[in-house]
J.: 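Before I ask anything, here is the structure I am working with.
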Amino acid sequence: MEMETEVSGEKQIVVLLIGPPGSGKSTFCDSVMKSSHRPWSRICQDIINNGKAGNKAQCLKMATESLKQGKSVFIDRCNLDREQRSEFIKLQLLGGGPHVQVHAVVLELSAQVCISRSVKRSGHEGNLQGGRAAAVVNKMLRSKELPKLTEGFSRILFCYNDADVENAVKTYTTLAPMDTLPSGSFGLKNPDTRSTQPGIMNFFKKVTAVPASSSIEATTPKAHENTEDVLPVSPSKLGSVVPTTLAFPSISTADFQFDIDKASDIIVETAEEFLPKLGSARLVLVDLSHGSKILSLVKAKASLKNIDSARFFTFVGDITKLHSQGGLRCNVIANAANWRLKPGGGGVNASIFKAAGPDLEAATRARANTLVPGKAVVVPLPSTCPLHNAQGITHVIHVLGPNMNPNRPDCLNNDYTKGCKILREAYTSLFEGFLSTVEDQSKLPKRNNQATASDSERNKKYKGTQDMAIASNMKSGTVDDARDGGKKRSKGWSSWALALHVIAMHPEKHENVVLESSDDIVVINDQYPKARKHVLVVARQENVDGLEDVGRENIKLVEEMHNVGMKWVKRFQDEDASLIFRLGYHSVPSMRQLHLHVISQDFESDHLKNKKHWNSFTTSFFRDSVDVLEEVKSQGRANVESEAVLKGELRCNRCRSAHPTISKLKSHIRSCSSHFPHHLLQTSRLLARPGTSN
DNA sequence: GTTCTAGAAC
DNA sequence: GTTCTAGAAC
């Protein structure tokens, strides 16, 4: 049976418009239908019932009928959440059959625009008066879920402004009846973590270049165009210059040796939970170091959860100099305190007490003497305090987290069930404390007797457990750290991870695989090449197993690896000038012994089988050799990306469109001829012969 | 890193 | 039934 002959070969489509009232759905449909050569039917829930609003069932029924008549269909209703969309996606089965594709066109215009349009419109009909329209739009946006290909769409197109909408109209208007559009997800802003981390990105651009007076706008991402910031529509606060901001260090992960992966989950989850309660206030996780693992983990996990990066982000800098050095205005900072609430120790606690001077100690003493793990105490700073007048900090919130370090009080001996509970409690207390300062500022003059300070009875209890903990430590001896998932470090590497190491130590025993060797490096073909050309330049030096082990002392080595890699690129391109390459390292390698990937960008290989493979070469997890070299020279080490990004979406390495499965992705990249993303075309990250299309 | 496999998802 | 994912073993 030839299916194709049943219906004249026309490719029908169902297009779901997705957007709140006033986003321009009906206008979109009208514009396309006005000059399209394809038969369309617009299913509009607002008028389906003889010009009056109808329901979903009526829309479905009419859509099915239109499809049977051979028309393509616009579903003109809000379709904001997944559930609302699901039945329309099934139309491809009910109505037409396999030749019907379902598309989404997402109208992500700013809430203000939608509100003002729907106010104007409803003004005419006398339906929704101004304030009510705003409330309706806001309410709807709160339940919004962006569509994903996995829901069953074959194509998704995101529009953020009038120009995007105009392009989309053109795309559908010019689509002839026999044509189809490429599948995939297009135009989604902010797809990778790079663009969601204003703090870090600004810092990398050299903070010194940011004027100290820079307002918050300068350090906030632009990506929040997309409506999450509609809540503070109450215009009362919109005028204020800087949203209230809490800067906080990661609790318990430094001296207290708490597992950073677990900690990052807890940070992201509690932040996500609190953001809605905080109005327009912001939460900023701060760390002193560039290569901070906790920052990159949190950043990646927050990005995966689509948390508004304008209101929760990470920042590299000194927490006591955020304004003067980092250009970031914060009015409240958290301190990773000790249980005695005393200066000293090291790290954040020492530097905050030092920067604040005796004022902080006195103000702290007035509120509490000690602190129980999991609790926080809010301390207002007098205006005489240097942190207050130089950095604009009005409150310090001391927090005590759980401790996993046997040399510190109250060690939990790796009891992470308890540890996680306490850490969660600690962040909750911290954010509640911050919330109380936010409320104070907007209402009452002062007064926070929040239940965060400790009472004397709990202190006694705490001292008891602490003594016991110390005693039990003496018996139990050393801590066996189960960090790193047991894969490496503590005990050593699994046997399969040693293959490169073995070759690097004795290249002469592996002549059959070694392509080239010197005192410093060996070059081999990757045993499971992920592209047409894929070789590894392996360092021979022992104990440099990954990017994280590379320091200034290895600059010569990294340079040589780069040069050898470049030589192989030249050799391959002499054979085939159309090959395009990148040279780079995996942020967290699976195999021991530092190795540079020299890989062509076709990714034409049966060995490329899963998400991890793909993302390890095409996301920020892949650190270009040129950048690594520059970072090691300038800051003594290379930045590394968290493994969390490996679980992210599958995106084309050229056009960045997203695809639901590896096989769909692979069929897309076989034919995608878009230019490579802009950042790859800079500083020779991408190596192509002149005249090649890149 | 790969391979194998169970079972979830389609 | 087939495809895809995630986890365990190596």
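Letters A, B, ... mirror the listed sequences (proteins, then strands); counts begin at 1. This is a predicted model, so every value here is computed, not measured.
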J.: Can you tell me the distance, in whole Å, between the CG atom of A/Leu608 and the C1' atom of B/dG1?
T.: 13 Å
J.: Please report, to 0.1 Å, the donor-acceptor pairs under 3.5 Å made by any side chain of residues 509-517 of chain A, with sequence neighbours excluded.
T.:
residue: A/His510; atom: ND1; partner: A/His506; partner atom: O; Å: 3.1
residue: A/Glu516; atom: OE1; partner: A/Trp568; partner atom: NE1; Å: 2.7
residue: A/Glu516; atom: OE2; partner: A/Lys567; partner atom: NZ; Å: 2.8

J.: Measure the distance from CG on A/Asn525 to C1' on B/dG1 and round it to the nearest whole Å.
T.: 16 Å
J.: Restricting to nitrogen or oxygen on both sides, can you table the protein-nucleotides 3-9 of chain C pairs closer than 3.5 Å?
T.:
residue: C/dC4; atom: OP1; partner: A/Ser663; partner atom: OG; Å: 2.7

J.: Is any NZ, NE, NH1 or NH2 atom of the basic residue among A/Asp179 and A/Lys11 found under 4.0 Å from an Asp or Glu carboxylate oxygen of the other?
T.: no
J.: Find the distance A/Gln527:CD to C/dC10:C1' and express it as a whole number of Å.
T.: 14 Å
J.: Test of understanding: with side chain to side chain donor-acceptor pair (under 3.5 Å), list the residues that count as partners of A/Lys418, not counting sequence neighbours.
T.: none
J.: B/dG1 C1' sits how many Å from A/His534 NE2, rounded?
T.: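 Rounded to whole Å, this separation is 11 Å.
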J.: Under 4.0 Å between a side-chain N/O of A/His613 and OP1 or OP2 of B/dT2, yes or no?
T.: yes
J.: Rounded off to whole Å, could you give me the NZ-to-P distance for the A/Lys90 and B/dC10 pair?
T.: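 Roughly 11 Å, once rounded to whole Å.
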J.: Does any donor atom in the side chain of A/Gln101 or A/His103 lie under 3.5 Å from an acceptor atom in the other side chain?
T.: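 Yes, because at least one side-chain N or O of A/Gln101 sits under 3.5 Å from a partner of the opposite role on A/His103.
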J.: Evaluate the criterion side-chain contact (heavy atoms from CB on, under 4.5 Å) for residue pair A/Leu557 and A/Gln541; output intermediate values, then yes/no.
T.: CA-CA 9 Å; A/Leu557 172 66; A/Gln541 187 179 323; 4.0 Å; yes
J.: What I want to check is whether the side chains of A/Ser66 and A/Ser41 have a donor and an acceptor closer together than 3.5 Å.
T.: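 Per modelled atom types, A/Ser66 and A/Ser41 side chains form a pair under 3.5 Å.
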J.: Indicate, with a heavy-atom threshold strictly under 4.0 Å, whether A/His595 touches base, sugar-phosphate, or nothing.
T.: nothing
